[in-house]
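Scroll down for the structure; my scribbles are underneath it.
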Number of protein chains: 2
Amino acid sequence: MSDLVTRLRRHNWRITPQRRVIAETLEGSHVHFTAEQILERAVERMPELSRATVYNTLNEMVALGEVLELTLDGRSKRYDPNADHEHHHLICEGCGLMKDVHAMADPVDWLPGDERHGFSVTRASITYRGLCPECRTAAAEGAQA
Amino acid sequence: MSDLVTRLRRHNWRITPQRRVIAETLEGSHVHFTAEQILERAVERMPELSRATVYNTLNEMVALGEVLELTLDGRSKRYDPNADHEHHHLICEGCGLMKDVHAMADPVDWLPGDERHGFSVTRASITYRGLCPECRTAAAEGAQA
DNA sequence: ATCTTGTCTTAGACTTAGTCTAAGCTAGGA
DNA sequence: TCCTAGCTTAGACTAAGTCTAAGACAAGAT
Ligand SMILES: [Mn+2]
Ligand SMILES: [Mn+2]
Ligand SMILES: [Zn+2]
Ligand SMILES: [Zn+2]
C-alpha cells in the first residue's frame, strides 16, 4: 500500500499544507469517509481549513485517479484511498457497514460481446448487499419477539 | 414483462389515480428516469399531481420490491420498473447513456466465503463503465485534432 | 344516505450535499 | 522584488429530496 501522498506527488500537482492534511486524513483510516467526515477530522489538525477546499481537493484526487468516489446509496459520496487495489464492496442493508471484498474473477469477462451495445467496456464494480452479523441477529430476535 | 400496475395490485396497496399515472409513466418507457423526469411527464396527464406524491409513491414502490432505485452516480436517483428481471447496468462515462445488460455469471457465486465477513449476502449488482460508440468516436476525433 | 376513520394528496417550508463566486493569499519564476 | 498563476476562503447559491400540517378522499359502520 504505497501511501496516498506519495502517489499524489507523482502527478505534477502541488502538495499544499491543506492538500496534505486532507490526503493524510483519508489515508490514515481505512474506512470510506464522506466529505463531511473528512472535513470534520481534518479541521482538528488545521482549524482554518474550508469546506470548499475539501470538496475541491477530493474531486481533484478522484480526477487524478488516486482516490475512488463511491456512490453506493443516494446519500453522500464516499471517498476511498485504496484506488491502487482493485476491489469491490459489501454493504449491510441494516446499518450501512461497508467492507472491501475481492472477487475471484473479473466481471468484465462475464459480459458477452452482444451485451456490450458497441461500448468499449473499461471497468466494472460489484456492489454486494446483505446483512452483517449484528444486524442478522437483531433481525432474528425481532422476528422472535 | 408483466406490467407494473398488475404487479403492484398484488400487494394490498391502493391504486389511486395518482399512483396509477406514476406507475404507467414509469412502465411505458424503458429508460431509467429520475423522479423529476417522472413528475414532468406524469404532470402532462394529471396537472395537479404534486412532487411529494411522486417521491412518496416511488419510495413505496421500491419498498414493495416492484421498482429498483439506482444510484449510479452522485446525481439524482433513477427508477427502474424492470425489477422482475435480474439485470445489471452499463454506463457511458462520456454522456451518461445507460443500458441494461445481462451477465453470464452471478457475482454472488464468485465471492469466496472468507471474503464475506460473516454477512449473509443476498444480492449483488454490477455497474459496467465505458464509452458508448458516439463518445468513443468523439474522443478519437478530439485526440486527432 | 350519512358518519367515521384512516389513508392519501397537496403546497410549501425545510434539510442536506455539493457547487459556485469573488476576493484575498501564496509561492515560484522573471 | 514584482508578477502571475494557482490555491484557499467565506458565504451565497443550487439541486435533490424529506417533512409537515391541513385538507380531500374512500371504505366500512350505522
Ligand atoms: Mn474500498
Ligand atoms: Mn435497468
Ligand atoms: Zn449491519
Ligand atoms: Zn456516450
Side-chain angles (χ1 to χ4, degrees), chain A residues 5 8-9 11-26 31-64 66-80 96 98, chain B residues 5 8-9 11-26 31-64 66-80 96 98:
Chain A
V5 177
L8 288 167
R9 211 192 304 278
H11 304 267
N12 55 347
W13 191 63
R14 262 166 65 183
I15 310 256
T16 65
Q18 290 86 346
R19 288 172 176 179
R20 170 182 297 280
V21 168
I22 292 165
E24 288 175 356
T25 301
L26 193 49
V31 299
H32 303 84
F33 285 137
T34 65
E36 289 300 323
Q37 291 174 322
I38 292 163
L39 173 60
E40 209 172 275
R41 283 163 174 77
V43 149
E44 289 170 15
R45 290 178 54 191
M46 183 180 274
E48 71 280 18
L49 180 67
S50 75
R51 180 184 320 279
T53 297
V54 171
Y55 277 99
N56 289 343
T57 300
L58 290 171
N59 285 339
E60 286 157 15
M61 295 189 308
V62 170
L64 293 175
E66 298 297 352
V67 166
L68 300 176
E69 186 178 79
L70 309 176
T71 55
L72 302 166
D73 58 6
R75 332 270 312 168
S76 357
K77 293 173 184 170
R78 296 186 169 266
Y79 293 90
D80 186 337
M98 189 185 314
Chain B
V5 177
L8 288 167
R9 212 194 303 279
H11 305 266
N12 56 348
W13 189 65
R14 265 167 62 185
I15 310 258
T16 65
Q18 289 86 345
R19 288 172 177 180
R20 168 181 299 280
V21 168
I22 293 165
E24 287 174 357
T25 301
L26 194 50
V31 297
H32 303 85
F33 285 137
T34 66
E36 289 301 322
Q37 290 173 322
I38 293 163
L39 173 61
E40 210 172 274
R41 283 164 174 77
V43 149
E44 289 170 15
R45 288 178 55 191
M46 183 180 274
E48 72 280 18
L49 179 68
S50 75
R51 180 183 320 278
T53 296
V54 171
Y55 278 98
N56 289 343
T57 300
L58 289 171
N59 285 339
E60 286 157 14
M61 296 190 307
V62 170
L64 292 174
E66 298 298 352
V67 166
L68 299 177
E69 187 179 78
L70 308 177
T71 56
L72 301 166
D73 59 6
R75 333 270 311 167
S76 358
K77 293 172 184 170
R78 296 188 168 263
Y79 293 91
D80 186 338
M98 189 185 315

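The model shown is predicted, which means the values in this text are computed figures rather than measured ones. To find a chain, count down the sequence lines: A is the first, B the second, and so on, and within it residues start at 1.
Residues B/R14 and B/R19 share a closest heavy-atom pair of O-NH1, 3.0 Å. Taking both residues in full, the closest heavy atoms of B/A35 and B/V54 are given as O-CG1, 3.8 Å, listed atom of the first, atom of the second, then distance. Shown here for A/V43 and A/L49, the closest heavy-atom pair between the two residues is CG2-O, 3.8 Å.
Nucleotides of DNA chain C nearest to B/G74 and B/L49 differ in position, and the one nearer the 5' end is that of B/L49. Residues A/R75 and A/M46 both approach DNA chain D. Their nearest nucleotides, taken by heavy-atom distance, put A/M46 toward the 5′ side.
Looking only at side-chain heavy atoms (C-beta outward), B/W13 and B/M61 come within less than 4.5 Å of each other. Under the 4.5 Å side-chain criterion, counting only non-hydrogen atoms from C-beta, B/L70 is in contact with B/H32. No side-chain heavy atom of A/Y55 sits less than 4.5 Å from a side-chain heavy atom of A/I38.
For the OP1/OP2 pair of C/dT19 and a distance below 4.0 Å, the side-chain nitrogens and oxygens of A/Y55 include no atom meeting the criterion. Proximity of A/N59 to the phosphate of C/dT19: a side-chain N or O atom is located under 4.0 Å from OP1 or OP2. Between A/S76 and C/dA17 there is a side-chain polar atom (N or O) within less than 4.0 angstrom of OP1 or OP2.
Nucleic acid contact for A/R19: sugar-phosphate only, since backbone atoms but no base atoms lie under 4.0 Å from a heavy atom of the residue. Residue B/E36 is classed as having no contact, given no heavy-atom separation below 4.0 Å to the nucleic acid.
Protein atom CG of A/L58 is 14 Å distant from nucleotide atom C1' of C/dT19, rounded to whole Å. When rounded to the nearest whole Å, the span between CG of B/N12 and C1' of C/dG6 equals 14 Å. To the nearest angstrom, C1' of C/dT26 lies 10 Å from CD of A/Q18. Here C/dG18 presents its P atom at 10 Å from CD1 of A/I38, a figure rounded to the nearest Å. Following rounding to the nearest Å, A/Q37 (CD) and C/dT16 (P) show an atom-to-atom distance of 15 Å. In this structure, A/L39 atom CG and C/dA17 atom P are separated by 12 Å, rounded to whole Å. A straight line from CD of A/E60 to P of C/dT19 spans 12 Å, rounded to a whole angstrom. Nucleotide C/dG24 holds its P atom 19 Å from the CD atom of A/E48, rounded to whole Å.
Mapping heavy-atom proximity under 4.0 Å, the span of DNA chain D touched by chain B runs 5' to 3' from D/dA16 to D/dA26.
The backbone N or O of B/T25 lies less than 3.5 Å from no partner atom in the side chain of B/R41, so there is not a single donor-acceptor pair.
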